[in-house]
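What follows is a short report on a single structure.
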2 protein chains.
Amino acid sequence: MPEFLYNKKLYYNSVEFVMDRIGGTWKMPILWRLRDKTLRYGELKKTMPKVTHKMLTSSLRELEADGFISRMVFPVVPPKVEYSLTERGIKSINIIGELRQYGFQLMRDYGIDVASEDSPV
Amino acid sequence: MPEFLYNKKLYYNSVEFVMDRIGGTWKMPILWRLRDKTLRYGELKKTMPKVTHKMLTSSLRELEADGFISRMVFPVVPPKVEYSLTERGIKSINIIGELRQYGFQLMRDYGIDVASEDSPV
DNA sequence: CTGGATCCACCCCGATACTG
DNA sequence: CAGTATCGGGGTGGATCCAG
């Protein structure tokens, strides 16, 4: 594969393209949490105590712009916004799950103790 | 899974741990190229035209420190150094391959033209 | 409740020069 | 051929304040 251009950015391979879409500290954790249900902004934030407001917002914006999640705004007060996976987002869940499993295996390999049941990603 | 500490850095999940080990622009491409053969520094560099000397060197150092590759120095002139996968590095090839395949699928989904045969990663 | 905007510290990484 | 050291620009993300 020759390198290719997308959105004015140069990519050298498909893995890099994936990482630019769903990589970074928070995007996979967000997708993973939405895998089986719709969540409001505040609910999402509650399950990810360490993410800052700015990072959660910008991650959600980018995931939306890239077509992985959809944003549903309810015109009520106080505001209510729900996030859910799109078709593309649903398709990403498999590889995230595999990455997660590989991560546990790697951590065991490093001797890091893991309790993988109901572990967030 | 509660968050955990490794090497003085705080991780929130296993995916993040993986990405800190083999993420970034160049580490997976390096591992992928070493999947079936040992390569010298210069050979590696030749197949990755866009990586800078500094990034290739530092990526190799980190992969070595993290136990994914081993570095074999031959005491000759001119210098000869060979890089190859360790057991841990070999185990990483599967998930890289899956990530690569998902990447092609995602690119097709975006309408980006791909010729995936013998594509570098 | 959800979200946008600003300021700024930090770190990644490219360029360059030098070594055995 | 392979590797190290230094400098500096630019992007990433944290803290904070304001808004509908």
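Atom set for the values below is all heavy atoms of this structure, side chains included, hydrogens, waters and symmetry mates excluded. Reminder, nothing fancy here: chain letters follow the sequence lines and each chain counts from 1.
- Counting to the nearest Å, the P atom of dG14(D) and the CG atom of Leu10(B) are 12 Å from each other.
- Going from atom CG of Asn13(A) over to atom CG of Leu99(B) covers 9.5 Å, rounded to the nearest 0.5 Å.
- Atom NZ in Lys45(B) sits roughly 11 Å away from atom P in dA2(D) (whole-Å rounding).
- Classification of the Tyr11(A)-Phe4(A) ring pair by plane angle, with boundaries at 30° and 60°, yields parallel.
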Inset, instruction - List the steps and the verdict of side-chain contact (heavy atoms from CB on, under 4.5 Å) for Glu64(A) and Thr86(A). - result: CA-CA 9 Å; Glu64(A) 188 192 2; Thr86(A) 60; over 6 Å; no
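- At the phosphate of dA2(D), OP1 or OP2 sits under 4.0 Å from a side-chain N or O atom of Arg40(B).
- Lys91(A) pairs by the side-chain hydrogen bond (donor to acceptor under 3.5 Å, both in side chains) definition with nothing, not counting sequence neighbours.
- A donor-acceptor distance shorter than 3.5 angstrom exists from the side chain of Arg35(B) to the backbone of Trp32(B), with no hydrogens or angles considered.
- Proximity of Thr52(A) to the phosphate of dG13(D): no side-chain N or O atom is located under 4.0 Å from OP1 or OP2.
- Both Leu63(B) and Tyr6(B) are members of a single hydrophobic cluster when ILVMFWY side chains are connected at heavy-atom separations under 4.5 Å.
- Defining each end axis of the helix from dC1(C)-dG20(D) to dG20(C)-dC1(D) as the rotation carrying four pairs' C1' atoms onto the next four, with five pairs an end, the two axes are found to diverge by 40° to 10 degrees.
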Inset, instruction - Determine, step by step, whether Ile95(B) and Gln101(A) satisfy the side-chain contact (heavy atoms from CB on, under 4.5 Å) criterion, reporting the C-alpha distance in whole Å, the side-chain angles of both residues, the deciding distance to 0.1 Å, and the verdict. - result: CA-CA 10 Å; Ile95(B) 190 68; Gln101(A) 283 310 311; over 6 Å; no
Legend entry - Residues Leu44(B), Leu60(B); criterion side-chain contact (heavy atoms from CB on, under 4.5 Å); working and verdict: CA-CA 10 Å; Leu44(B) 214 37; Leu60(B) 287 169; 3.9 Å; yes
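- With rounding to whole Å, Met19(B) atom CE is found 17 Å from dT12(D) atom P.
- Ring geometry for Tyr12(A) versus Trp26(B): interplanar angle under 30°, hence parallel rather than tilted (30 to 60°).
- In 5' to 3' order, the nucleotides of DNA chain C bounding all contacts with chain A (an atom under 4.0 Å from a heavy atom) are dC1(C) to dC7(C).
- Shown here are the side-chain contact (heavy atoms from CB on, under 4.5 Å) partners of Arg40(B), two or more places apart in sequence or in another chain: Glu43(B), Lys80(B), Glu82(B).
- Qualifying side-chain contact (heavy atoms from CB on, under 4.5 Å) partners for Leu5(B), counting only residues two or more places apart in sequence or in other chains: Leu10(B).
- Near DNA chain D, meaning a heavy atom under 4.0 Å from it, residues 53-83 of chain A has Lys54(A), Met55(A), Pro79(A) in order of number.
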